[in-house]
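Labels below follow one simple rule: chain letters A, B, ... track the order of the sequence lines, proteins then strands, and each chain is numbered from 1.
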2 protein chains.
Amino acid sequence: MLRLSRMTDYAVVALSALGGAEAVRTAPELAAETGLAEPTVAKVLKLLGQAGLVDGLRGARGGYRLARPLSAVTLAEVIVAIEGPIALTACVDGASGGCDTEATCPIRGRWDPVNDAIRNALSAVTIADLAPTSCAAAHRAALALA
Amino acid sequence: MLRLSRMTDYAVVALSALGGAEAVRTAPELAAETGLAEPTVAKVLKLLGQAGLVDGLRGARGGYRLARPLSAVTLAEVIVAIEGPIALTACVDGASGGCDTEATCPIRGRWDPVNDAIRNALSAVTIADLAPTSCAAAHRAALALA
DNA sequence: ACAATCCGGACAAACCCGGTCCGGATTGCA
DNA sequence: TGCAATCCGGACCGGGTTTGTCCGGATTGT
């Protein structure tokens, strides 16, 4: 299924919520807006902060703020921030030990074009493309129904 | 990391071994050539057979045979055969229940262009591209060293 | 000085995947 | 006709990864 981590999905949702307004939002605020658990949101924002996609402002009246507009953040960047380097197999970038008997496997290295193609596809999509309308508002509405 | 199942890697290796000669090979034979465990190879070949990528011949003197030349088998087909439909998120093709509070999530459906791009990238690569030389021979050599 | 907030890591639980095994069905050969 | 070889389908369990949570420490505005 080429599974994408669920954390990455959360990251996109959190970024969309952050993109709704240009103000500083705290982690509990964003958790309430997205309907996700607060520690989980904090964890995702932490990762995004390390990657430089959001700015974390410490201290009282602190919170998180977008480092760039959503239209300048690609999906590839988010995936890298949450899941690490984009690669389909473990036999990449000198990960020795992953293949036991396949030390001389001729397939090794042949995946590179595929990986590049995937990276290009993911770099062509921005978070703004994924959440053109106000995602946060829709989530609030969904929560109101429950 | 966009992890691809290890079974899919095995499938590529098994297909490459099958592509070496146009004869019928039994599962134990292929297991010995690829250096993989026999039940695992059998499982992979079973999946590939269900997908129509290989023909399984029953009875004595039976075995497996390529249904098509490797140059006509795309990586996307192998992935679909082993892992199921190619999609980055679970919020696809009416998988209700995956998203609990996000029944009306506006992001839903927006992943389709991304998924299509991934599919196209994976459909552009054939197994013959991944294993141009005799992979089986290299595996035998690696086993001889051990 | 205090309160609010982010930061970093450690931790248990749940889920999924990898790998194995078994019995049944089917076919070729003696 | 009987036997052996082989694929087929499913169930099963252990290990590992991911998920989600929590806690103490650092930092900053009031």
**Student:** At under 4.0 Å between heavy atoms, which parts of nucleotides 23-30 of chain D does protein reach? Answer with one letter per nucleotide, 5' to 3': B base, S sugar-phosphate only, - none.
**Tutor:** ----BBS-
**Student:** Hey, does the side chain of A:Arg6 come within less than 4.0 Å of D:dG20's phosphate (OP1/OP2), counting only N and O?
**Tutor:**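 For D:dG20, OP1 or OP2 has a side-chain N or O of A:Arg6 closer than 4.0 Å.
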**Student:** Measure CD/A:Glu38 against C1'/D:dT21 and give the value in whole Å, please.
**Tutor:**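 Interatomic distance, CD of A:Glu38 to C1' of D:dT21: 10 Å.
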**Student:** Suppose we screen for side chain to side chain donor-acceptor pair (under 3.5 Å). Which residues come up paired with B:Arg61, at least two apart in sequence or across chains?
**Tutor:**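 Side chain to side chain donor-acceptor pair (under 3.5 Å) check on B:Arg61 returns nothing, list empty.
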**Student:** Under a 4.5 Å cut-off applied to non-hydrogen side-chain atoms, are A:Ile118 and A:Leu88 in contact?
**Tutor:**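 Heavy-atom side-chain distance check passes, below 4.5 Å.
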**Student:** Does B:Ser5 place a side-chain N or O at less than 4.0 Å from the phosphate oxygens OP1/OP2 of C:dG18?
**Tutor:**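 So the side-chain polar atoms of B:Ser5 do come within 4.0 Å of the phosphate oxygens OP1 or OP2 of C:dG18, strictly under.
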**Student:** Is it true that a side-chain atom of A:Arg68 and a backbone atom of A:Ala72 form a donor plus acceptor pair closer than 3.5 Å?
**Tutor:**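 Yes, the answer is positive, given that a donor and an acceptor are paired below the 3.5 Å cut-off.
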**Student:** Counting any heavy atom closer than 4.0 Å, what does B:Ala42 reach on the DNA or RNA strands: base, sugar-phosphate only, or nothing?
**Tutor:**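 Counting heavy atoms under 4.0 Å across all strands, no contact is made by B:Ala42.
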**Student:** If only side-chain N and O atoms of B:Thr40 are considered, is one of them under 4.0 Å from the OP1 or OP2 phosphate oxygen of C:dT20?
**Tutor:**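 Yes.
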**Student:** Measure the distance from OH on A:Tyr64 to P on C:dA4 and round it to the nearest whole Å.
**Tutor:**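 About 18 Å, once rounded to whole Å.
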**Student:** Within the pair B:Tyr10 and C:dC17, is there a side-chain N or O less than 4.0 Å away from OP1 or OP2?
**Tutor:**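 False: B:Tyr10 side-chain N/O out of range (4.0 Å or more) of C:dC17 OP1/OP2.
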**Student:** For A:Leu57, which contact category applies under a 4.0 Å heavy-atom criterion: base, sugar-phosphate, or nothing?
**Tutor:**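 Result for A:Leu57 = sugar-phosphate.
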**Student:** Rounded to the nearest Å, what distance is computed from the CG atom of residue B:Leu36 to the C1' atom of nucleotide C:dG18?
**Tutor:**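 Rounding to the nearest Å, CG of B:Leu36 and C1' of C:dG18 are 12 Å apart.
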**Student:** Identify which one of A:Val44, A:Thr34, A:Val41 satisfies the side chain to side chain contact (heavy atoms under 4.5 Å, CB included) criterion when paired with A:Val13.
**Tutor:**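 Answer after filtering A:Val44, A:Thr34, A:Val41: A:Thr34.
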**Student:** For B:Arg25 and D:dT6, what is the distance between atoms CZ and C1' respectively, to the nearest whole Å?
**Tutor:**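 Interatomic distance, CZ of B:Arg25 to C1' of D:dT6: 16 Å.
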**Student:** Starting from P on D:dT19, measure out to CG on A:Asp9 and report it in whole angstrom.
**Tutor:**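 To the nearest whole Å, that distance equals 11 Å.
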**Student:** Strictly distance-based, threshold 3.5 Å: is any side-chain N or O of A:Asp129 a donor or acceptor partner for the main-chain N or O of A:Thr126?
**Tutor:**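 Flag set: sc A:Asp129 to bb A:Thr126 pair under 3.5 Å.
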**Student:** Please give, in whole Å, the distance from D:dA11 P to B:Lys43 NZ?
**Tutor:**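 After rounding, the reported distance stands at 12 Å.
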**Student:** May I have all residue pairs that pass salt bridge (charged side-chain N to carboxylate O under 4.0 Å, His left out) and include part of residues 114-125 of chain A, sequence neighbours excluded?
**Tutor:**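 Sorted result for residues 114-125 of chain A: A:Asp116-A:Arg119.
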**Student:** Show every side-chain hydrogen bond (donor to acceptor under 3.5 Å, both in side chains) that has at least one partner inside residues 37-59 of chain B, sequence neighbours left out.
**Tutor:**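 Applying side-chain hydrogen bond (donor to acceptor under 3.5 Å, both in side chains) to every pair that reaches into residues 37-59 of chain B, excluding sequence neighbours, yields nothing.
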**Student:** Counting only heavy atoms and a strict 4.0 angstrom limit, can you tell me which residues of residues 46-56 of chain B come near DNA chain D?
**Tutor:**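 The answer is B:Lys46, B:Gln50, B:Gly56.
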**Student:** Have a look at A:Leu15 and tell me which of A:Leu130, A:Leu30, A:Ile127, A:Leu45 forms a side chain to side chain contact (heavy atoms under 4.5 Å, CB included) with it.
**Tutor:**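 It is A:Ile127, the one option of A:Leu130, A:Leu30, A:Ile127, A:Leu45 that forms the side chain to side chain contact (heavy atoms under 4.5 Å, CB included) with A:Leu15.
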**Student:** Could you pull out all residues at least two apart from A:Thr8 that satisfy side chain to side chain donor-acceptor pair (under 3.5 Å)?
**Tutor:**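 Side chain to side chain donor-acceptor pair (under 3.5 Å) check on A:Thr8 returns A:Glu83.
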**Student:** B:Leu45 has an atom CG; how far is it from atom P of C:dG19, in whole Å?
**Tutor:**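 About 15 Å, once rounded to whole Å.
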**Student:** When you get a sec, tell me which of C:dG19, D:dT18, C:dT20 is the closest nucleotide to the side chain of B:Arg3?
**Tutor:**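 Comparing C:dG19, D:dT18, C:dT20 against the side chain of B:Arg3, the answer is D:dT18.
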